[in-house]
Structure formats: C-alpha cells, structure tokens
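Below you'll find the structure, written out as structure tokens, and then a few comments.
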Amino acid sequence: MTPISFTGTVEVLGIRHLLRLPQEASLALASRGQVAATVTVDGSQATTVVEPDGRRGHWLNLDALGIDSSWEPGTEVSVDLEPTKTWPEVTIPDDLRSALDAAPDLEETWVSLTPMARWEWVRWVQATRSEATRAKRVGVSVDKLRHGKRRPCCFDLSSCTDPEVARSAKLPEA
C-alpha cells in the first residue's frame, strides 16, 4: 500500500494527545472506519489503528503509539502513515477480559475472530461513558459470542467511539 505523508499539529482533547489527519490523507485511506497502519511520527515508528472521526476523516491517538515523546499542544509533527492489512492485537479492557475469562467456552471463539473483529468488540464496549451501559455491553458481548455472532451488530464503524474525546460519535471540530 502507498505510504501517506503529512504534517499535523498536536492537540489535547480530554485526556488524549491526538493528531487529526488532513482531509487528503484521510481520503487516501481505504475505509472511513478504523484502518490498521504503521506510522512514523518525527522518526519514531509504531503500529496502530487510525481512528475515524465521525466526519469522514481520521485521527491518531498519539498516547497509544508507545513512542517516548512529550506531546505539547501546538507542536508540528511529520507523519508517514502506511496502511496495512495486518492488524495489531487490541488491548482487551479489564472488564471484558474478566467476562471472557469467566466464560471458558468462548476461548476458542475469541481466538478464532480476526484481530479487526476483536477491535470492533472492544470499541463497542468502550464506546460509552456510562458504567451501567458498559457493563451491559460486556454481558451482551458474551451472550452474542455464545450465539455465534462474530461482530457487534448495529455499530457505526465510521463514528468516533472514544468517549474521552467525543460524546456525539463525532470528534469535536478544531
């Protein structure tokens, strides 16, 4: 896949350091939803998932890159982004991990999902600020997986689902 190069400005939104992709860079991606990619930010490389912003664009969660850097708001950074078909493994949040561990009958099912599908389950569980809704989604995830569902249903993959940066499924405009 063709690498995409651009410069961007570091922002802090909620508790996240992020970088919005310029429109041309987002349009060069194959999906309006999440995109697995290898990114190089100011010379440091990481594998990540580029997040949708709910506005037909994308953003990078700089904090999730594992790059040792202090991200100051307003800092200009250069980025080389290369989409890949190889998805990094998602970090399963503790509540979902506990529910999966308590359901040993689902171990093979979870492992048999594609990494992209596991990302979708995690995004769906995490896409709420309400603890009650989140707990319900964990339970529903286990139930759906037991009934053969491989992905969460009725989930807009192009929406911004990080409740720390977006309440309306859209990343706030700069």
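Keep in mind that this is a model prediction, so the values were computed, not measured. What's counted below: heavy atoms across the whole structure, side chains too, no hydrogens, waters or symmetry copies.
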What's the shortest heavy-atom distance between [X] and [Y], and which atoms?
X	Y	result
L145	L106	C-CD2, 3.8 Å
P88	W119	O-NE1, 2.7 Å
L157	P52	O-CG, 3.5 Å

Output the rest of the hydrophobic cluster of V165: all Ile, Leu, Val, Met, Phe, Trp and Tyr residues reachable through side-chain heavy-atom contacts under 4.5 Å, sorted by chain and number.
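Its cluster partners, ordered by chain and number, are L13, L18, W59, L171.
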More than 12 heavy atoms of other residues, nucleotides or ligands under 6.0 Å from [atom1] of [X]: is that the case?
X	atom1	value
E76	CD	yes
D105	CG	yes
K149	NZ	no
E107	CD	no

Any donor and acceptor pair, going by atom type alone, linking the side chain of [X] with main-chain N or O of [Y] inside 3.5 Å?
X	Y	value
S98	D94	yes
D42	S78	yes
S130	T133	yes
H17	V12	no
S159	T161	no
R137	W124	yes

Audit row: R16, D162, salt bridge (Lys or Arg N to Asp or Glu O under 4.0 Å) steps and yes/no
CA-CA 10 Å; R16 299 274 182 268; D162 184 338; 2.7 Å; yes
Going by the rule salt bridge (charged side-chain N to carboxylate O under 4.0 Å, His left out), which residues pair with [X] if we only count those two or more places apart in sequence or in a different chain?
X	answer
E89	R118
R150	none
R134	D95
R167	none

Roughly how far, to the nearest 0.5 Å, is the [atom2] atom of [Y] from the [atom1] atom of [X]?
X	Y	atom1	atom2	answer
T91	Q126	OG1	CD	9.0 Å
D53	S158	CG	OG	9.0 Å
E131	K136	CD	NZ	15.5 Å

What's the verdict on side-chain contact (heavy atoms from CB on, under 4.5 Å) for I4 and D80, showing C-alpha distance, side-chain angles and the deciding distance?
CA-CA 6 Å; I4 302 163; D80 292 313; over 6 Å; no
Do [X] and [Y] come close enough that some side-chain heavy atom pair is under 4.5 Å?
X	Y	value
V79	S5	no
W87	T47	no
P152	K144	no

Salt bridge check, R151 against E120: does any charged N sit closer than 4.0 Å to a carboxylate O?
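Yes.
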What's the verdict on side-chain contact (heavy atoms from CB on, under 4.5 Å) for W121 and V90, showing C-alpha distance, side-chain angles and the deciding distance?
CA-CA 10 Å; W121 283 109; V90 67; over 6 Å; no
May I have the step-by-step check of side-chain contact (heavy atoms from CB on, under 4.5 Å) for W71 and L19, ending in yes or no?
CA-CA 10 Å; W71 305 109; L19 186 69; over 6 Å; no
Walk me through whether T7 and V77 qualify under side-chain contact (heavy atoms from CB on, under 4.5 Å).
CA-CA 6 Å; T7 58; V77 295; over 6 Å; no
Just distance, no hydrogens or angles: give the donor-acceptor pairs under 3.5 Å from side chains in residues 23-39, sequence neighbours left out.
unit_1, atom_1, unit_2, atom_2, d
S26, OG, H58, N, 2.9
S26, OG, H58, ND1, 3.0
S31, OG, G33, N, 2.8
R32, NH1, S26, O, 3.0
R32, NH1, R56, O, 3.2
R32, NH2, S26, O, 3.0
R32, NH2, L29, O, 2.9
Q34, NE2, E51, OE2, 3.2

